[in-house]
Amino acid sequence: MVNNAAIVNEGSGWQRVIAINLTAVIVGTKLAAAHMRKDKGGKGGRIVSTLSVAGLVQSHMTPVYCATKHGVRAYITGLCKDPTRPDQGIEYAMIAPDAVDTPMFQSVDSNRVLFWDELKDEMKRRMMKPQAVGEAFLQLLRSDVINGAILQVDIQGKTFRHMECVNDGVTFDPSKAF
Ligand SMILES: NC(=O)C1=CN([C@@H]2O[C@H](COP(=O)(O)OP(=O)(O)OC[C@H]3O[C@@H](n4cnc5c(N)ncnc54)[C@H](O)[C@@H]3O)[C@@H](O)[C@H]2O)C=CC1
Ligand SMILES: CC/C=C\C[C@H](O)/C=C/C=C\C=C\C=C\C(=O)[C@@H](O)C/C=C\CCC(=O)O
């Protein structure tokens, strides 16, 4: 299961950002986990949530959006550490891209993102094609173990934030996760 839907809007619709980016992730994750958990008759599985670099740093450009992505990181990290998780057979991981050329990015303006006029050139310089995130996502899923992983993706490449980089640089070492 993938938690991917999100919006960005630091303007008058900011409460909806919290509802979609954070509350809905918690609701969806609870529903999925209840269905998936092996100790309750499910088959187990993986739940991957899309963060953003905004879930790793604090930005004056998108403070509400950042709060939701930090909230997702805290919530999912808590589930990663649940001592009953191995019996549930569910792994939790996150992917944290920098700017990506999607409708979200293309629709950004100074009503939705603060200081946009000053920062847009820098964000556009860092912008990746969506394929880069798709490839990183598949690389994450190819790891034998992903619980606790946060895979940061930017124009420099891919970096695991909560794991040791080994082999091809993107293989998760769960013993180094926390
Ligand atoms: N585009 C970017 O620069 C970056 C995006 N992200 C994250 O990547 C993920 C995907 O975003 P993008 O593809 O860029 O945006 P997008 O705007 O192209 O796609 C977002 C999707 O979420 C769906 N969605 C929005 N509100 C919804 C709702 N209430 N119910 C159901 N679906 C809803 C939209 O229909 C759309 O298909 C998001 O979590 C976003 O925060 C992370 C880093 C950078
Ligand atoms: C503007 C596009 C709208 C939404 C998409 C995107 O998810 C939003 C990003 C919002 C904030 C970006 C934050 C920017 C971060 C930085 O300023 C960089 O200097 C640091 C980036 C990564 C560093 C990670 C780290 O080493 O801690």
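When a ligand or atom number is given, it counts from 1 through the structure's own listing order. We number each residue from 1, following the sequence as shown. Any value given below was found using the heavy atoms of this structure, including those in side chains, with hydrogens, waters and symmetry copies removed.
- Protein non-hydrogen atoms do reach within 4.0 Å of atom 33 (C) of ligand 1.
- Proximity to T50 (heavy-atom distance under 4.0 Å) selects the following atoms of ligand 1: 7 (C), 8 (O), 9 (C), 39 (O).
- In this structure, atom 30 (N) of ligand 1 has no protein heavy-atom contact shorter than 4.0 Å.
- The closest side-chain donor-acceptor pair between T102 and Q106, if any, does not fall under 3.5 angstrom.
- Between S110 and D117, the side chains place no donor N or O within less than 3.5 Å of an acceptor N or O (distance only, hydrogens not considered).
- When only interatomic distances are considered, the shortest N/O to N/O separation between A5 and ligand 1 does not fall below 3.5 Å.
- In this structure the side chain of I90 never reaches within 4.5 angstrom of the side chain of K38, judged on heavy atoms.
- The closest side-chain donor-acceptor pair between N3 and T29 falls under 3.5 angstrom.
- The cluster map of Ile, Leu, Val, Met, Phe, Trp and Tyr, joined by side-chain heavy atoms under 4.5 Å apart, puts V2 and V133 in the same cluster.
- For ligand 2, the atoms sitting less than 4.0 Å from at least one non-hydrogen atom of S52 are 6 (C), 7 (O), 8 (C), 9 (C), numbered in the order shown with element in parentheses.
- Numbered from 1 in the order shown, with element, the atoms of ligand 1 that lie under 4.0 Å from a heavy atom of A99 read 3 (O).
- Counting heavy atoms under 4.0 Å from ligand 2, residue Q58 does not touch it at all.
- Checked by distance only, ligand 2 and T62 stay at 3.5 Å or farther apart across all their nitrogen or oxygen atoms.
- Applying the 4.0 Å criterion to heavy atoms of F105 picks out, from ligand 2, the atoms 2 (C).
- Close contacts of ligand 1 with S52, meaning ligand atoms under 4.0 Å from a residue heavy atom, involve 42 (C), 43 (C).
- Rounded to the nearest 0.5 Å, atoms CG (D87) and NZ (K40) are 11.0 Å apart.
- Within the 4.5 Å cutoff, no side-chain heavy atoms of I155 are placed close to those of D98.
- If you take CD1 on I76 and CE on M94, they are separated by 6.0 Å, rounding to the nearest 0.5 Å.
- The aromatic rings of F105 and W116 sit perpendicular to each other, their planes meeting at more than 60°, with 30° as the lower class boundary.
- Residue P103 approaches ligand 1 through these ligand atoms, each under 4.0 Å from one of its heavy atoms: 18 (O).
- Under a 4.0 angstrom heavy-atom cut-off, D98 registers as being in contact with ligand 1.
- For ligand 1, the atoms sitting less than 4.0 Å from at least one non-hydrogen atom of N4 are 9 (C), 10 (C), 38 (C), 39 (O), numbered in the order shown with element in parentheses.
- From Q152, atom CD reaches atom CG of L51 across 10.0 Å, with rounding to the nearest 0.5 Å.
- Here the OG atom belonging to S49 is positioned 13.0 Å from the CZ atom belonging to R73, to the nearest 0.5 angstrom.
- Residue-level proximity to ligand 1 for D101 is absent, since no heavy atom of it falls below 4.0 angstrom.
- Here is the list of ligand 1 atoms found below 4.0 Å of a heavy atom in F105: 3 (O).
- Looking at R126, M127, M104, it is M104 that brings a heavy atom closest to atom 17 (O) of ligand 1.
- Ligand 1 is approached by L51 to a heavy-atom distance shorter than 4.0 Å.
- Here is the list of ligand 1 atoms found below 4.0 Å of a heavy atom in Y65: 6 (N), 7 (C), 40 (C), 41 (O), 42 (C).
- Listed by atom number, the atoms of ligand 2 under 4.0 Å from M61 heavy atoms are 10 (C), 11 (C), 12 (C).
- Scanning the protein for heavy atoms near atom 25 (C) of ligand 1, the closest one is I7 CG2, 3.9 Å.
- When I20, T68, V17 are checked for heavy-atom proximity to atom 27 (C) of ligand 1, I20 turns out nearest.
- Among protein heavy atoms, the minimum distance from atom 3 (O) of ligand 1 is reached at V100 N, 2.8 Å.
- Once rounded to the nearest 0.5 Å, the distance linking CD1 of I7 with CZ of R16 reads 5.5 Å.
- Looking only at distances, no side-chain donor or acceptor of Q88 sits under 3.5 Å from a matching main-chain atom of R37.
- At least one side-chain heavy atom of I26 sits under 4.5 Å from a side-chain heavy atom of L22.
- For atom 10 (C) of ligand 1, a protein heavy-atom neighbour is found at a distance under 4.0 Å.
- Scanning the protein for heavy atoms near atom 19 (O) of ligand 1, the closest one is A6 O, 5.0 Å.
- Shortest contact from atom 14 (O) of ligand 1 to any protein heavy atom: T102 OG1, 2.5 Å.
- Using a 4.0 angstrom heavy-atom cutoff, R126 counts as in contact with ligand 2.
- The shortest N or O to N or O distance between Y65 and ligand 2 is below 3.5 Å.
- Considering only non-hydrogen protein atoms, atom 43 (C) of ligand 1 sits nearest to P97 O, 3.2 Å.
- L140 has its side chain out of reach of E135: every pair of non-hydrogen atoms, C-beta onward, lies at least 4.5 Å apart.
- Contacts of Q152 with ligand 2, taken as heavy-atom pairs under 4.0 Å, involve the side chain alone.
- Residue contacts with ligand 1 do not include M123, since none of its heavy atoms lies under 4.0 Å from the ligand.
- With E10 contributing its side chain and M61 its backbone, the two residues share no donor-acceptor pair below 3.5 Å.
- Side-chain contact between R46 and M1 is absent, with no heavy-atom pair separated by less than 4.5 Å.
- A distance of 12.5 Å separates CG in N9 from OH in Y65, rounded to the nearest 0.5 Å.
- Selection from V108, I7, V57 by nearest heavy atom to atom 20 (C) of ligand 2 gives V57.
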